[in-house]
Amino acid sequence: MAATSGKIVQFFFVSNCHQQNTQGRRDYCFAPSRLRKLAWTASSMQFRTLFKPQNHFSVQRNFHCNASASATAVPYLDKTDFLKLQNGSDIRGVAVDGVEGEPVNLTEPVAEAIGAAFAAWLVEKKKADASQHLRVSIGHDSRISAKLLQNAISRGLAGGGLEVVHYGLASTPAMFNSTLTKNEAFLCPADGSIMITASHLPFNRNGFKFFTNAGGLGKADIKDILERAADIYNRFTEESLTNSERKASLSIKKVDYMIVYTSDLVKAVRKAAGNIEKPLGGFHIVVDAGNGAGGFFAAKVLEPLGAITSGSQFLEPDGLFPNHIPNPEDKTAMKAITQAVLDNKVDLGIIFDTDVDRSAAVDFTGREFNRNRLIALMAAIVLEEHPGTTIVTDSVTSDGLTTFIEKKLGGRHHRFKRGYKNVIDEAIRLNSIGEESHLAIETSGHGALKENHWLDDGAYLMVKILNKLASARASGKGGGSKVLTDLIDGLQEPDFAVELRLKINQNHPDLKGG
Ligand SMILES: O=P(O)(O)OC[C@H]1O[C@H](O)[C@H](O)[C@@H](O)[C@@H]1O
């Protein structure tokens, strides 16, 4: 294996893979813990490409992974191992081996147990009896471990008696949307939905976000599911694993749900523009999907609306994220989309994170609409529609933003705990106690609107911005994205802002008892 720079790492999936050495011998690899039962099949797929992923390791893609686990190997894990996979209201773990100090903990059997646990949780939640076949939709982003985890979690769901529908490459907001859509031709609505993603985290991570039509699952639900998963996992037998695999092979269906989701976005822009077929005709807009799942936005949303999208970049899914981290909070990512805007002399640039629940934009001069500026822009748009409404944001927003929302726009700025689910739940709570709020948004680029079912959707935020562009032109105001820039005129910006994130060791003795 040759190195081009830095450290050489050969990546392989620990849970269910083998590497083939030069003599053609297969070396099986498993998580280094107490093995209770062990047997994997060896059907394989192989990748051989030299590339340089986002973490600057030089890596030769040379690994072989089973498409399915046919039988019965589960190393012993206890409840705490499962609970460590909780990341707020998501599940996140390491799914690909090879990064020093980051052993795989999101293996296929673990994912299968989580699927079975979600099935049991959902049946209980929906008070479904055995005759009702609840339906769960599953989508994933571009990560290299996506397919294996999809198949594993599907086995858990199918084993639990649920109908499983695969959407393939999808966005997180589309998955939530599938629980709301009523369209039997696309097997909707789904009773539950799972997005396989670790958002903007490095390529070796992966995880799950869960939805019902009531929204994303909260922290308590995730803990409940992980506790159930630990019990299920340690009760796995050869027979139960074979049975769930058989059920999965008989029951999994596939649909291209992104057709429904993207056409809803297109309809929303057309409607806001007074039912014009191509309200973005003549606008030149570039998209940077960072090789995540958001590439659809150029061809499936902007182009049908009439926009030119040439110069868009990193639209092809590549789970090694070879160009930049797909995250609008990341400086390199913002620099990349800004450069694309300036090089192509376009009206607007749009950037998404890997699973498209975060977004940001760049105006024609290269000015970034991210962090406080994105919130100010969205607040200006929403406050025009709902004068006086409360804008709920995360806690690290600037005082200049508060002044802008309250003094210039006439709204109220309600700062709350960081975390997209926290700000959304807070906005819903405020409405329930009589304080009107139409927007919950974070500096991270996550944002949800009341008019869109509080769906945390980076693509919908961009739709609101596109509506503004289209309506400004329809009313005779030209100037491309200047209309957006003008909306945040008067926003005071901090001269200097730096964010420090401290790694806290949860097991440190100083944290005990306090
Ligand atoms: O799902 P993600 O895009 O990773 O975001 C989930 C959360 O990640 C981090 O904790 C950020 O600080 C939060 O602002 C964000 O809500």
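Each ligand, and each atom within it, is numbered from 1 in the order the structure gives. Predicted model, so just to flag it, every value in this text is computed and none were measured.
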For Lys408, does the NZ atom sit with more than 12 other heavy atoms under 6.0 Å from it, leaving out its own atoms? yes

Please determine whether the number of non-hydrogen atoms from other residues, nucleotides or ligands lying under 6.0 Å from atom CD1 of Ile433 exceeds 12. yes

Is the closest side-chain heavy-atom distance between Asp256 and Tyr167 below 4.5 Å? no

Under 4.0 Å between a Lys/Arg side-chain N and an Asp/Glu carboxylate O for Glu385 and Lys464? yes

Taking 4.0 angstrom as the limit, do Arg228 and Glu124 come out as a salt bridge? yes

From the list Thr332, Asn291, Asp288, side-chain hydrogen bond (donor to acceptor under 3.5 Å, both in side chains) partner of His324 resolves to Asp288

Which N or O atoms of ligand 1 sit under 3.5 Å from a protein N or O, and how far apart is each pair?
residue: ligand 1; atom: 1 (O); partner: Arg92; partner atom: NH2; Å: 3.0
residue: ligand 1; atom: 1 (O); partner: Lys209; partner atom: NZ; Å: 2.6
residue: ligand 1; atom: 3 (O); partner: Ser199; partner atom: OG; Å: 2.7
residue: ligand 1; atom: 3 (O); partner: Arg358; partner atom: NE; Å: 2.7
residue: ligand 1; atom: 3 (O); partner: Arg358; partner atom: NH2; Å: 3.4
residue: ligand 1; atom: 3 (O); partner: His446; partner atom: NE2; Å: 2.8
residue: ligand 1; atom: 4 (O); partner: Arg92; partner atom: NH1; Å: 3.3
residue: ligand 1; atom: 4 (O); partner: Arg92; partner atom: NH2; Å: 3.1
residue: ligand 1; atom: 4 (O); partner: Ser199; partner atom: OG; Å: 3.2
residue: ligand 1; atom: 5 (O); partner: Arg358; partner atom: NH2; Å: 3.1
residue: ligand 1; atom: 5 (O); partner: His446; partner atom: NE2; Å: 2.9
residue: ligand 1; atom: 8 (O); partner: Arg358; partner atom: NH2; Å: 3.4
residue: ligand 1; atom: 12 (O); partner: Arg418; partner atom: NE; Å: 3.1
residue: ligand 1; atom: 12 (O); partner: Arg501; partner atom: NH2; Å: 3.0
residue: ligand 1; atom: 14 (O); partner: Arg418; partner atom: NE; Å: 3.3
residue: ligand 1; atom: 14 (O); partner: Glu442; partner atom: OE1; Å: 3.0
residue: ligand 1; atom: 14 (O); partner: Glu442; partner atom: OE2; Å: 2.8
residue: ligand 1; atom: 16 (O); partner: Tyr420; partner atom: N; Å: 2.9
residue: ligand 1; atom: 16 (O); partner: Glu442; partner atom: OE1; Å: 2.7

